Amino acid sequence: MAAKYKSDFLNVLEQRGFIHQISDPEGLDALAAKETITAYVGYDATATSIHIGNLITVTLLYWLQETGHRPISLMGGGTSMVGDPSFRDDQRKLLTVEQIATNIESIKKVYSRILRYGEGPTDAIMVNNADWLLKLNYVEFLRDVGRYFSVNRMLSFDSVKLRLDREQSLSFLEFNYMIMQGYDFTELNRRYGTVLQMGGSDQWGNIINGVELSHKMGGPQLYALTTPLLTKSSGEKMGKSASGAVWLNGELFSPYDFWQYFRNTEDADVVKWLRIFTRLSLDEIAKIGALGGSEINEAKKILATEVTAIVHGRDAAEQAATTASATFEAGSLDLSLPTTEVWKGELAAGIGLLNALVQAGLAGSNGEARRHVQSGAVRVNDDVVSDDRLTLGTAALLPEGVIKLSVGKKKHALLKPV
RNA sequence: GGGAGAGUGUCCCGAGCGGCAAAGGGGGCGGACUGUAAAUCCGCUGGCUACGCCUUCGUAGGUUCGAGUCCUACCUCUCCCA
């Protein structure tokens with residue numbers, strides 16, 4: 001592939017499909033080719049984990065580091081007190097300081113798996129914008145920073161258009177979010193010489209605000225880079241699964257489910273995802289992508305295993321692959337399927353099938369479980385059952401000492417007496 | 001402060017003469033077909049100890065045999081006037 005840029009950094013991003021917009025491509029390219037730059041991505045602390053959408057930008061930081069630059073992962077401890085209104089049609093719930101702190105602790109773990117933190121020139125650093133935002137003095141801040149923001153212009157951003165068009169309230173609190181994010185950028189420049197902020201395409205307006213603020217305050221030239229919004233070829237947004245968001249935290253979303261999520265990638269997206277989410281070389285990806293027809297399933301397995309390895313570790317990835325292979329291909333029992341423990345006395349007395357399905361997390365309520373049974377989706381030990389009043393007793397135990405429950409072709413769980 | 005409108009099934013959009021568990025979409029889930037894909041077709045999409053019972057239409061009261069629907073107050077939002 002012909003190199004479009006002078007810097008390794010931008011070339012890698014370009015070739016792997018990470019670039020949506022860059023504020024000044026030539027300027028940034030020249031800088032990155034010449035010296036070690038510091039760039040950052042900001043992350044919300046509104047949940048206990050980050051999700052797949054965030055994984056792209058963490059990967060962005062990974063490639064930044066790989067190509068000889070210094071990444072900063074910014075925790076939004078201060079901005080999460082306000083809540084980003086971008087492209088949202090309602091106000092976020094306000095979080096308490098404690099919740100935010102807990103979330104940050106939980107989120108941190110994921111990053112250290114992907115980025116190399118330390119003190120060296122290209123070691124990643126983690127910062128929390130609460131460190132400077134919470135100390136700000138209101139009037140002082142308005143005079144120093146607020147004066148450079150035009151309300152007319154802020155109202156023209158696409159990110160708030162949704163709210164304004166729907167005639168829904170955009171509180172002053174939220175309106176300040178973009179000012180704070182803009183200020184973050186200049187503050188990170190002052191503290192660490194950060195010259196580049198990256199993020200999803202929805203962050204473009206917010207990032208540009210920082211670039212402009214730096215100008216107006218007489219600061220250095222800053223740059224913005226955004227990644228495309230991830231959508232599946234069929235048009236859906238990526239990152240949602242049956243059970244909600246695809247979290248990177250294994251307690252919220254198991255490695256097995258994570259692997260399955262990527263295993264079920266649509267054909268048309270396989271190569272795109274390989275480039276963005278894995279670290280395989282472009283040559284390897286080209287080879288894998290040449291697989292056609294049902295062989296593309298092999299490509300999906302590689303994709304699933306590689307991404308799972310990055311997020312959950314190689315062992316967990318191999319385990320998930322093995323479990324999947326046994327369950328789906330060999331049709332055999334694999335004891336690493338998600339397992340729910342039941343008290344053996346309870347089993348001896350007999351557990352209702354519907355109840356068991358709910359306990360195993362395969363149905364949200366008895367009613368839903370009943371409907372699944374009635375539509376012929378439920379199997380016990382791989383045999384379809386049609387009686388929703390069936391009772392499971394010790395007789396249903398397989399030689400391995402568990403009962404296998406399935407809803408549909410893809411959802412399996414084990415019931416294990418203890 | 002004055003005036004006009006809006007809030008519906010806790011995923012979203014959106015109908016709703018006083019008899020409503022509430023039309024119709026989207027999304028999601030399940031089935032068929034496949035390759036754990038897409039597209040297509042079919043079914044399901046409040047809860048329960050289930051021929052019955054319970055909880056739902058911004059909140060709290062009221063009228064009525066009966067209220068999402070009528071009345072009152074309140075909350076939130078939007079627009080116009082001051």
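These numbers come from a predicted model, not from an experiment. Below, read A as the first sequence line, B as the second, and so on, with proteins coming before strands; counting in each chain starts at 1.
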Using the side-chain heavy atoms of [X], tell me which of these nucleotides is nearest: [options].
{"X": "A:Ala377", "options": "B:U36, B:G31, B:A38", "result": "B:G31"}
{"X": "A:Gln260", "options": "B:U36, B:G30, B:U34", "result": "B:U36"}
{"X": "A:Glu266", "options": "B:U36, B:G30, B:A37", "result": "B:A37"}

Considering every strand shown, what is the Watson-Crick or G-U wobble mate of [N] when both distances are under 3.5 Å?
{"N": "B:C74", "answer": "B:G58"}
{"N": "B:U34", "answer": "none"}
{"N": "B:C48", "answer": "B:G52"}
{"N": "B:C17", "answer": "none"}

What distance, rounded to whole Å, do you find between the two [atom1] atoms, one in [N] and one in [M]?
{"N": "B:A4", "M": "B:U8", "atom1": "P", "answer": "22 Å"}
{"N": "B:G62", "M": "B:G68", "atom1": "P", "answer": "15 Å"}
{"N": "B:U69", "M": "B:G16", "atom1": "P", "answer": "14 Å"}
{"N": "B:C77", "M": "B:G28", "atom1": "P", "answer": "33 Å"}
{"N": "B:U63", "M": "B:A67", "atom1": "P", "answer": "11 Å"}
{"N": "B:G25", "M": "B:C41", "atom1": "P", "answer": "13 Å"}

Phosphate oxygens OP1/OP2 of [N]: is one of them under 4.0 Å from a side-chain N or O of [X]?
{"X": "A:Arg379", "N": "B:G31", "value": "no"}
{"X": "A:Asn366", "N": "B:U49", "value": "yes"}
{"X": "A:Ser365", "N": "B:G47", "value": "yes"}
{"X": "A:Lys410", "N": "B:A37", "value": "yes"}

Interatomic distance, A:Lys409 atom NZ to A:Arg379 atom CZ [nearest 0.5 angstrom]: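 CZ of A:Arg379 is found 9.0 Å from NZ of A:Lys409.
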Under 4.0 angstrom, heavy atoms only, what part of the nucleic acid is [X] near: base, sugar-phosphate, or nothing?
{"X": "A:Glu295", "answer": "nothing"}
{"X": "A:Arg370", "answer": "base"}
{"X": "A:Arg371", "answer": "sugar-phosphate"}

Do A:Gln197 and A:Gln181 have a side chain donor and acceptor closer than 3.5 Å?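 Short answer, yes.
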Any side-chain donor-acceptor pair under 3.5 Å between A:Asn189 and A:Thr194?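 No, A:Thr194 and A:Asn189 have no side-chain donor paired with an acceptor closer than 3.5 Å.
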Pair A:Glu105 + A:Lys108: basic N to acidic O under 4.0 Å: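 Result for this pair is yes, salt bridge flagged.
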Applying side chain to side chain contact (heavy atoms under 4.5 Å, CB included), run through A:Asn176 and A:Met178 and close with a yes or a no. CA-CA 6 Å; A:Asn176 276 272; A:Met178 50 175 105; over 6 Å; no
Out of A:Tyr256, A:Phe262, A:Tyr261, which one pairs with A:Phe258 under the ring pair (Phe, Tyr, Trp, His ring centres under 6.0 Å) rule?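 By the ring pair (Phe, Tyr, Trp, His ring centres under 6.0 Å) criterion, A:Phe258 pairs with just one of A:Tyr256, A:Phe262, A:Tyr261: A:Phe262.
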Would B:C51 be called syn or anti here, given the cut-off of 90° from 0?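 Syn conformation for B:C51.
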Glycosidic class, syn or anti, of B:C74 using a 90° window around 0: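 For B:C74, whose glycosidic angle is more than 90° from 0, the conformation is anti.
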